[in-house]
Amino acid sequence: MKLTYIHIVLAALFIGCGIVIQKSDSPEKLLIGKWEEVACEYERIDKENTNDIYQNLNLHKGEVWQFDNAHKLIFFNKNYLKETLNWNIKGRGHILELHYKDKRLEGYQIQEITKDKLVIHFNIDLQVRGIVKLTFKRITEETNA
Amino acid sequence: MLKKYSNFRTFSDNVKLGSLTALSAGMVNVISVIVFFAFTSNVTGHFTILAQEITKGNWYQASVVFIWVAIFCFGNFASNYLIIHSSSRISRYLAHAIPVILEIVCLIFVGIYLQHFYKETLEETEILVALMLFAMGLQNGLTASISNSMVKTTHLTGLVTDLSILLSMFTKKEYRENKELVNKARLLMIILISYMAGGIIAGILYYKIQSYTFYAISFVLCIVILYDYSKLRLQKYISRKQPLVRKHYIEEETRELNYNKNILQMHRDY
């Protein structure tokens with residue numbers, strides 16, 4: 001009898017999770033749209049080494065990122081088109097990969113994604129004692145207007 | 001390797017099964033991290049992530065991780081279900097081989113899909129990770145079930161704990177001289193090395209041959225199936241055509257059985 005209850009609970013959980021996945025927006029869907037970078041912070045960093053460590057990194061500052069359905073990402077800098085590349089999401093929706101045209105691959109960990117806010121951490125070498133945290137807010141049609 | 005189960009298995013059976021399946025598990029885990037950024041041969045990390053996602057209120061991600069864990073469990077369930085419902089010698093081999101066959105099918109499917117159809121969408125990633133977790137669940141359920149939990153090849157937490165305990169026991173002479181404990185330590189060490197080797201091989205292979213690595217993993221698993229199949233065919237041939245060799249073979253089997261009984265008795269006394 002108890003076993004039947006366990007089976008029912010497990011089946012209900014499984015079905016419930018299926019419904020949640022169907023009904024809610026996946027990180028991939030949430031990402032689509034225009035995002036304005038509002039902050040770029042260095043967390044847990046040894047400030048003396050900042051320049052040495054980050055001089056070779058291609059960091060995006062003060063840009064607008066536009067993700068579209070066709071997995072294309074457009075960078076805007078002060079309203080002019082800066083660069084176009086491909087993007088995709090991996091894992092359970094926690095890794096954002098950017099594929100540059102020169103075959104360079106940039107990885108970000110998605111820390112938070114909601115309808116209005118996106119927080120990503122730049123994935124750098126583990127030896128670097130610091131995380132580059134980029135915060136974005138969504139640009140809606142009304143904001144644009 | 002596959003046809004014997006529980007206490008009828010010899011040390012050699014467990015070493016062969018353990019080393020080959022650990023090799024494949026190590027390969028699967030590393031390739032899944034490289035391609036999908038998700039572990040597929042163990043679920044400890046997934047439980048941690050599940051708790052983390054629930055805490056953050058990320059219900060989509062939490063649901064995905066829960067389904068992954070459930071699918072790994074279903075793989076274990078299916079494997080053991082097939083084993084406990086088998087009876088005769090031939091069907092026992094088949095029952096033990098079916099989880100490996102299903103595992104191969106899952107891995108080949110992932111390989112083919114990656115090569116020809118993968119568009120790197122999140123949905124595809126989630127489904128392919130689920131398939132790989134199912135495959136690993138099947139393998140873990142099979143090895144643990146037929147070896148009386150002596151062989152567990154898809155994760156190393158318990159294995160490292162057991163090995164560390166054994167190594168500390170070997171600081172006493174009486175345990176160092178216990179053949180059963182020494183064999184157990186050797187088996188765990190072999191599994192550990194095979195898992196590591198599998199990971200390294202998969203890492204190197206993936207950068208050379210990309211998704212073809214899945215066929216290499218399937219080849220390793222084919223050896224597991226075909227080794228016993230070839231032995232079964234040989235036995236069948238011997239029993240039909242060669243009465244003298246059959247006598248020798250039966251004597252060898254009896255000796256092996258007696259050895260296992262002694263080991264079991266020693267284990268009980270211990």
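Note on naming: letters A, B, ... go to the chains in the order of the sequence lines (proteins, then strands), and numbering restarts at 1 for each one.
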Can you tell me how far apart [atom1] ([X]) and [atom2] ([Y]) are? Round to the nearest 0.5 Å.
X	Y	atom1	atom2	result
A:Ile113	A:Leu30	CD1	CG	5.0 Å
B:Leu82	B:Ile98	CG	CD1	5.5 Å
B:Leu159	B:Leu188	CG	CG	4.5 Å
B:Leu107	B:Ser24	CG	OG	7.5 Å

Determine, stepwise, if the pair B:Phe36 / B:Leu114 fulfils side chain to side chain contact (heavy atoms under 4.5 Å, CB included).
CA-CA 11 Å; B:Phe36 304 119; B:Leu114 276 178; 3.9 Å; yes
Report the C-alpha distance between B:Ile201 and B:Leu23 in whole Å, list the side-chain angles of each, state the deciding distance to 0.1 Å, and finish with yes or no for side chain to side chain contact (heavy atoms under 4.5 Å, CB included).
CA-CA 9 Å; B:Ile201 293 166; B:Leu23 189 80; 4.2 Å; yes
Under a 4.5 Å cut-off applied to non-hydrogen side-chain atoms, are A:Val132 and A:Ile120 in contact?
no
Side-chain heavy-atom pair B:Val69, B:Phe47 within 4.5 angstrom cut-off:
yes
Can B:Asn14 and B:Ser147 be counted as having a side-chain donor-acceptor contact under 3.5 angstrom?
no
For chain B, which candidate among A:Pro27, A:Gly16, A:Gly93, A:Cys17 shows the most heavy-atom pairs at distances under 4.5 Å?
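Option with the top pair count is A:Cys17.
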Listed by chain and number, what are the side-chain contact (heavy atoms from CB on, under 4.5 Å) partners of B:Met196, not counting sequence neighbours?
B:Ile200
If the condition is side-chain contact (heavy atoms from CB on, under 4.5 Å), which residues does B:Ile108 pass it with, not counting sequence neighbours?
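side-chain contact (heavy atoms from CB on, under 4.5 Å) check on B:Ile108 returns B:Ile104, B:Ile112, B:Tyr215, B:Ser218.
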Hey, is CZ on B:Phe66 packed in by over 12 heavy atoms from elsewhere, all under 6.0 Å?
yes
Side chain, backbone, both or neither: which part of A:Ile95 has a heavy atom under 4.5 Å from chain B?
side chain
Pick one of side chain, backbone, both or neither for A:Ile19, based on which atoms fall under 4.5 Å of a heavy atom in chain B.
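Neither part; nothing is under 4.5 Å.
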Under 4.5 Å from any heavy atom of chain A, what part of B:Val65 do you find: side chain, backbone, both or neither?
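B:Val65 touches chain A through side-chain heavy atoms alone.
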Whatever's closer than 4.5 Å to a heavy atom in chain A on B:Val33 counts as neither
Residue-level contacts of residues 131-143 of chain B with chain A, using a heavy-atom cutoff under 4.5 Å:
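Listed by number, there are no contacting residues, so the answer is none.
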Scan chain B against chain A and return every donor-acceptor pair whose distance is under 3.5 Å.
residue	atom	partner	partner atom	Å
B:Val35	O	A:Lys90	NZ	3.1
B:Phe36	O	A:Gly91	N	2.8
B:Glu53	OE2	A:Arg92	NE	2.8
B:Glu53	OE2	A:Arg92	NH2	3.3
B:Glu120	OE1	A:Asn88	ND2	3.0
B:Glu120	OE1	A:Lys90	NZ	3.1
B:Leu122	N	A:Glu28	OE1	3.4
B:Leu122	N	A:Glu28	OE2	2.9

